[in-house]
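Below is one structure, written out as structure tokens; comments come after it.
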Number of protein chains: 2
Amino acid sequence: MKLPTSTEWALHCATTLAQLPAEQTVSAAQLAAYYDLPPAYLAKQMQLLVKAGVLTATTGPRGGFRLGRPPARISLLHIVEAVDGTSPPYECREIRQRGLGALSPEECRNTCILAAKMAAAHRAWRDSLAGVSLADILAELPAHAPERTRDKLAGR
Amino acid sequence: MKLPTSTEWALHCATTLAQLPAEQTVSAAQLAAYYDLPPAYLAKQMQLLVKAGVLTATTGPRGGFRLGRPPARISLLHIVEAVDGTSPPYECREIRQRGLGALSPEECRNTCILAAKMAAAHRAWRDSLAGVSLADILAELPAHAPERTRDKLAGR
DNA sequence: GTGGCTATACTCGGATAGTAGCTGTCCGAGTTGGTTCGG
DNA sequence: CCGAACCAACTCGGACAGCTACTATCCGAGTATAGCCAC
């Protein structure tokens, strides 16, 4: 069970955008330089965030990405599931209905207990991430962080 | 983020073994037939469970696998991490220390907030699975399940 | 009849190919901003 | 001097190779059993 490396990119880039004025846009190339990442592949991940509604993209000169919603309404779960997908890690393939020990369909009306426990664990994971918003992250950053981020992004 | 398909196999096979008398051994071939799975690959996963101490293997005729500990002391987490590994899904590669926006090592004494939140979510997931033992699973099965499992495994 | 030995069949254990999904890259469509030319 | 049209550069968006890790398979080492032979 491994999250894509790009998950870290998405989380940090979203946090970066959250530190800027709401209307300011940042290009994928700028973000890639800011974190020393492959620009094209990073752009691909940003597109996933746009598709999920987390970011908004603007084309043309002075274009780029900005947050699609206020930081308080963007949870870490939104970002992670935007780049990794929403399908749960454990997928029950109903092997209990196959082979010599196959159970009858009647006995399988209730969902498999093991699948239920795995789903509960996944729910705990999602709840933990859904309970943290970008606003919460910003609150824990040093006070001078936004200004610093703005300057470094501009190349200063 | 996806768990191997064999995770389901390991969970079900461990549950099956937990329904049998403690000394009874079941071969990988028997388990493969019981769930209609590729015998060799299933055997490989059983080896991982043995390496983790969840199961004990006996070679030779009348040999096979059995639980390595009482069911109450085997959690779902033990089984899942035996086949999938123990490394957390989110791996912080410290991109905050790279590129134009690189932070100084001093500012990175504390672990990255995002990594901490991801680790907390992973901890919630592990705690959820660690809180369920095979004994708990057995308690939720129908009363006639162990007898049925024993018969079907024997080919009856 | 009994004990020991041998051969056998069955078990696990590790080394070896095949395949799907993440990683990384490239080029094209669209849009905005600046420039230039005419009035 | 002012306005509009044109050009150009920069942006995102989607289509195309490369590689790691899960999936699947085979064959070899080891062992407890069952049969057999000698006593």
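Per chain, numbering begins at 1; letters A, B, ... match sequence-line order.
Distances from the side chain of B:Pro4 to the nucleotides D:dT23, C:dG13, C:dC22 place D:dT23 closest. Taking the side chain of A:Thr5 as heavy atoms from C-beta on, and the options D:dT25, C:dT23, C:dG13, the nearest nucleotide is C:dT23.
Computed from coordinates, the A:Glu8 CD to C:dC22 C1' distance equals 16 Å when rounded to whole Å. As a whole-Å value, the separation of B:Arg62 CZ from C:dT11 P is 11 Å. In this entry the distance linking NZ of B:Lys44 with P of C:dC12 reads 14 Å, nearest Å. Counting to the nearest Å, the P atom of C:dC22 and the CG atom of A:Leu42 are 17 Å from each other. For A:Asp36 and C:dG24, the CG to C1' distance is 14 Å, given to the nearest whole Å. In this structure, NZ of A:Lys2 is placed 8 Å from C1' of D:dT20, rounded to the nearest angstrom.
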What string of B, S and - do you get for nucleotides 26-31 of chain C 5' to 3' if you count protein non-hydrogen atoms under 4.0 Å?
B---BB
What do the steps show when you test A:Glu91 against B:Lys2 for salt bridge (Lys or Arg N to Asp or Glu O under 4.0 Å), and what is the final call?
CA-CA 8 Å; A:Glu91 185 183 354; B:Lys2 193 169 69 73; over 6 Å; no
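Pairing each heavy atom of A:Lys117 with each of B:Glu140, the nearest pair is NZ-OE2, 3.3 Å.
The residue B:Ser6 sits close only to the backbone: its heavy atoms come under 4.0 Å of sugar-phosphate atoms, none of a base.
Near DNA chain C, defined here as any heavy-atom distance below 4.0 Å, there are no residues from residues 45-54 of chain A. Near DNA chain D, defined here as any heavy-atom distance below 4.0 Å, the residues from residues 27-35 of chain A are A:Ser27, A:Ala28, listed numerically. Within residues 80-98 of chain A, no residue has any heavy atom closer than 4.0 Å to DNA chain C.
Side-chain atoms of B:Gln97 do not come within 3.5 Å of backbone N or O of B:Cys108 as any donor-acceptor pair. No donor-acceptor distance shorter than 3.5 angstrom exists from the side chain of A:Asp151 to the backbone of A:Arg148, with no hydrogens or angles considered.
Here CD of B:Gln47 is found 11.0 Å from CG of B:Leu55. Values are rounded to the nearest 0.5 Å. Taken to the nearest 0.5 Å, the CD1 atom of A:Ile137 stands 8.5 Å off from the CD1 atom of A:Ile79. The line from OG1 of A:Thr7 to CG of A:Asp84 is 5.5 Å long, rounded to the nearest 0.5 Å. With rounding to the nearest 0.5 Å, the separation of CG in A:Leu134 from CD in A:Gln19 is 10.0 Å. Atom CD of B:Glu81 sits about 8.5 Å away from atom CG of B:Leu129, to the nearest 0.5 Å.
Within the 4.5 Å cutoff, no side-chain heavy atoms of A:Trp9 are placed close to those of A:Val83.
Nearest-nucleotide positions on DNA chain C place B:Val26 closer to the 5' end than the other of B:Val26 and A:Pro39. With DNA chain D read from its 5' end, the first of the two nearest nucleotides for A:Phe65 and A:Met1 is the one closest to A:Phe65.
Judged as a ring pair (Phe, Tyr, Trp, His ring centres under 6.0 Å), the pairs with a partner in residues 118-148 of chain A (not counting sequence neighbours) are, in order, A:His122-A:Trp125.
Remark: the B:Arg66 side chain and the B:Thr58 side chain contain an N/O donor-acceptor pair separated by less than 3.5 Å.
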Show me the donor-acceptor pairs, under 3.5 Å and distance only, between side chains in residues 25-43 of chain B and residues at least two apart or in other chains.
{"unit_1": "B:Thr25", "atom_1": "OG1", "unit_2": "B:Arg62", "atom_2": "O", "d": "2.9"}
{"unit_1": "B:Thr25", "atom_1": "OG1", "unit_2": "B:Gly63", "atom_2": "O", "d": "3.3"}
{"unit_1": "B:Ser27", "atom_1": "OG", "unit_2": "B:Gln30", "atom_2": "N", "d": "3.1"}
{"unit_1": "B:Gln30", "atom_1": "OE1", "unit_2": "B:Ser27", "atom_2": "N", "d": "3.1"}
{"unit_1": "B:Tyr35", "atom_1": "OH", "unit_2": "B:His12", "atom_2": "O", "d": "3.4"}
{"unit_1": "B:Tyr35", "atom_1": "OH", "unit_2": "B:Thr16", "atom_2": "OG1", "d": "2.7"}
{"unit_1": "B:Asp36", "atom_1": "OD2", "unit_2": "A:Arg98", "atom_2": "NH2", "d": "2.9"}
{"unit_1": "B:Tyr41", "atom_1": "OH", "unit_2": "B:Gln45", "atom_2": "NE2", "d": "3.4"}

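The residues A:Glu94 and A:Arg96 are annotated as salt-bridged, a charged nitrogen and a carboxylate oxygen being separated by less than 4.0 angstrom.
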